[in-house]
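What follows is a short report on a single structure.
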Number of protein chains: 2
Amino acid sequence: MARPTLDRESPVPLYQQLADVLRRDIEEGRLPAGVAFPSERKLMARYQVTRTTVRSAIGVLKQEGMVVAEHGAGSFVRDPKADRHRVDATRVGMVRPAPPRQESKDVALTRSFRLSAILESAERRMKTTPWISELLQVEGGTEVLVQEATGLDSQGAPSLCRAWLHPRVEKEMGLSEEDLDGYWLPDMLAIKGVPAAEGEDVVEAAMPTPNIKRVLSVPDGVPVLQLYRVMKQDDLVVAVIETHLPADQTTLVFPRIPLHI
Amino acid sequence: MARPTLDRESPVPLYQQLADVLRRDIEEGRLPAGVAFPSERKLMARYQVTRTTVRSAIGVLKQEGMVVAEHGAGSFVRDPKADRHRVDATRVGMVRPAPPRQESKDVALTRSFRLSAILESAERRMKTTPWISELLQVEGGTEVLVQEATGLDSQGAPSLCRAWLHPRVEKEMGLSEEDLDGYWLPDMLAIKGVPAAEGEDVVEAAMPTPNIKRVLSVPDGVPVLQLYRVMKQDDLVVAVIETHLPADQTTLVFPRIPLHI
DNA sequence: GAGTGGTCTAGACCACCTT
DNA sequence: AGGTGGTCTAGACCACTCG
């Protein structure tokens with residue numbers, strides 16, 4: 001097998017060249033998804049480089065989300081379209097996520113959702129971050145009522161949701177933390193006659209913070225989709241529903257909105 | 001200054017401990033955005049570890065999108081909310097991106113959009129990828145008419161757009177590659193009486209492929225938002241408009257859609 | 001027990017930026 | 001010129017998985 005060889009004179013670093021070779025192997029099907037990758041020692045021997053260089057190359061592919069490594073077992077090519085949920089954006093955050101399923105083995109291709117964290121946070125009052133403050137239209141660092149839920153959402157996709165209630169609404173409605181026991185905030189708002197049908201949906205993506213990464217068990221090289229649902233009534237913000245979804249498992253679907261052509 | 005020290009007995013690896021220390025320094029404002037980070041040699045001396053370990057720790061923060069390194073100059077804390085564009089999702093992909101601006105210096109905090117690639121691809125006919133095939137509802141590998149445009153979109157955000165035309169429409173309308181000269185496909189469809197007001201919008205996020213990373217000049221640790229706008233008429237797919245947006249600069253805003261409560 | 005990936009050391013040389 | 005990050009070597013020991 002005439003393996004491509006690396007060019008030590010090239011200005012392109014060795015680990016990049018090796019990453020390019022391996023990426024092509026994956027893209028062109030010579031290294032199919034799910035099967036074992038050549039081990040680091042094998043790659044060292046085949047391409048005559050140090051283990052450091054091999055690991056850098058694999059690191060590039062890990063960052064691209066193409067490869068996952070499993071300690072002691074090997075590295076594996078990830079199938080980017082496997083295990084995806086089509087998530088209806090109109091429902092995200094509106095229904096309390098289901099309790100987590102039983103912890104199960106983590107296989108490269110069939111990553112199931114593991115939960116090591118709380119289903120619902122005990123913490124019910126938090127200071128707003130700058131970004132939430134902006135959306136909620138309150139001053140930064142205001143203490144507001146927060147509800148948090150983690151698990152599989154109504155559509156089977158893992159998610160972490162936080163519902164931030166505007167202090168004005170809390171006060172006007174005389175809502176207390178106890179009132180929310182057993183209720184998910186959007187439900188409660190509907191019950192109390194605050195449908196909050198106005199507003200907008202804001203979508204961002206970022207690499208997960210260590211906390212989010214742990215709670216949603218997001219592997220390396222996988223970003224998180226963040227949907228912020230701003231609920232308004234009479235042009236005043238009532239609440240913000242923040243949802244984090246692991247991007248390797250989530251396809252967010254919005255119904256057609258009127259387009260500007 | 002009583003620096004926290006690393007625990008060599010801990011099961012938590014040194015580079016992780018160091019990353020945690022540095023992350024906290026950033027989060028709590030001791031290392032403000034934009035200013036120089038301690039150099040790798042300084043961190044080696046301060047924490048009594050090898051440069052490899054220091055680089056691993058900084059690598060963690062780079063992957064999280066908290067830090068950017070500039071060769072020869074130093075590493076810098078990134079401000080996650082700086083330089084963001086609020087992008088109206090109803091307009092994305094519907095208007096041809098503007099020509100690229102002059103190439104300019106790349107500063108950590110004010111990354112401006114650089115274009116090394118084509119403004120509009122010469123390639124006008126491509127095979128569909130599996131994912132595009134699914135959205136376009138054609139068989140995988142079908143050759144279809146594709147238009148590609150890169151630059152700043154109508155709202156000032158950098159983006160890469162591809163418009164994929166369904167072969168049925170191409171045939172029925174007798175559209176040729178020349179017809180598209182000077183026109184952006186969605187405009188052309190509107191002109192030809194195919195408003196394609198139906199359909200749906202699909203949002204995903206992923207780490208950029210090397211090509212996208214280069215074209216949009218996305219730094220390490222930054223994912224890409226992908227918006228696929230499926231244009232339909234009478235329940236048949238007319239075209240798919242694919243848009244890639246660097247997630248560190250883009251906040252995608254959807255108007256309120258009817259919610260399921 | 002053999003093989004795998006994860007961590008860490010102690011160096012070296014280079015390319016790049018700032019002054 | 002001096003400092004910075006980028007690449008690479010040649011080892012070592014460890015924790016984990018699998019047959």
Side-chain angles (χ1 to χ4, degrees), chain A residues 5-20 22 31 34-63 66-78 104-109 219-221, chain B residues 5-20 22 31 34-63 66-78 104-109 219-221:
Chain A
T5 176
L6 308 182
D7 176 10
R8 294 192 103 91
E9 312 307 318
S10 161
V12 178
L14 286 176
Y15 78 93
Q16 268 295 352
Q17 295 182 46
L18 181 51
D20 291 341
L22 294 174
L31 289 174
V35 307
F37 216 68
S39 80
E40 296 176 352
R41 270 90 171 177
K42 283 211 181 75
L43 291 171
M44 286 175 69
R46 179 161 334 177
Y47 293 101
Q48 292 296 303
V49 289
T50 329
R51 188 144 164 250
T52 310
T53 305
V54 170
R55 282 182 66 77
S56 296
I58 295 179
V60 170
L61 302 179
K62 282 203 272 192
Q63 272 196 60
M66 303 191 74
V67 162
V68 282
E70 299 189 12
H71 194 171
S75 294
F76 301 87
V77 179
R78 192 155 68 201
S104 61
K105 288 282 265 187
D106 203 16
V107 184
L109 280 184
D220 284 340
Chain B
T5 174
L6 308 183
D7 176 9
R8 295 193 104 90
E9 312 308 317
S10 162
V12 178
L14 287 176
Y15 78 92
Q16 268 296 351
Q17 295 183 46
L18 181 50
D20 292 341
L22 295 173
L31 289 174
V35 308
F37 215 68
S39 79
E40 296 177 352
R41 270 90 170 175
K42 283 211 180 77
L43 291 171
M44 286 175 67
R46 180 164 327 173
Y47 294 99
Q48 293 297 302
V49 289
T50 330
R51 189 145 165 248
T52 310
T53 305
V54 170
R55 283 181 65 78
S56 295
I58 295 178
V60 170
L61 302 178
K62 281 202 274 192
Q63 273 197 56
M66 302 192 73
V67 162
V68 282
E70 298 189 13
H71 195 170
S75 294
F76 302 87
V77 179
R78 191 155 69 201
S104 61
K105 287 283 265 188
D106 203 16
V107 184
L109 279 185
D220 284 339

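All values reported here derive from a predicted model rather than from experimental measurement. Letters A, B, ... are given to chains in the order of the sequence lines, protein chains preceding strands, and every chain is numbered from 1.
Of all nucleotides listed (D:dG6, C:dG5, D:dT4), C:dG5 comes nearest to the side chain of A:S75.
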In B/S/- notation (B base, S sugar-phosphate only, - none; protein heavy atoms under 4.0 Å), nucleotides 9-16 of chain C written 5' to 3' is BB-B--BB
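Every residue meeting the side chain to side chain donor-acceptor pair (under 3.5 Å) condition with B:E40, not counting sequence neighbours, appears here in chain and number order: B:R51, B:R55. Judged as a side chain to side chain donor-acceptor pair (under 3.5 Å), and not counting sequence neighbours, B:Q16 has no contacts.
Rounded to an integer number of Å, the gap from CD of B:E40 to P of D:dC8 is 15 Å. Going from atom CG of B:L18 over to atom P of C:dT7 covers 14 Å, rounded to whole Å. Rounded to a whole Å, the CG atom of B:L61 is 15 Å from the C1' atom of D:dG5. Between B:E9 atom CD and C:dC8 atom C1' the separation is 14 Å, expressed in whole Å. Put simply, CG on A:D220 is 15 Å from P on C:dG5, counting in whole angstrom units. Rounded to whole angstrom, the span from the CE atom of A:M44 across to the C1' atom of C:dT4 amounts to 13 Å. Rounded to an integer number of Å, the gap from CZ of B:F37 to C1' of D:dG5 is 13 Å.
Contact of the A:P38 side chain with the A:L31 side chain is registered, since non-hydrogen atoms from C-beta on lie closer than 4.5 Å. No side-chain heavy atom of B:T52 sits less than 4.5 Å from a side-chain heavy atom of A:T52.
Distances shown here put every side-chain N or O of B:K42 at or beyond 4.0 Å from the OP1 or OP2 atom of D:dG3. The side chain of B:K62 contributes an N or O atom lying less than 4.0 Å from OP1 or OP2 of D:dG6.
In terms of heavy-atom proximity, B:A69 sits nearest to B:S75 at CB-OG, 3.6 Å.
With hydrogens and angles disregarded, a donor-acceptor distance shorter than 3.5 Å links the side chain of A:Q17 to the backbone of A:V12. A:S39 places a side-chain N or O within 3.5 Å of a backbone atom of A:K42 that can act as its donor or acceptor partner.
A residue-by-residue look at B:A69 and A:Q16 shows that B:A69 has its nearest nucleotide of DNA chain D further toward the 5' end.
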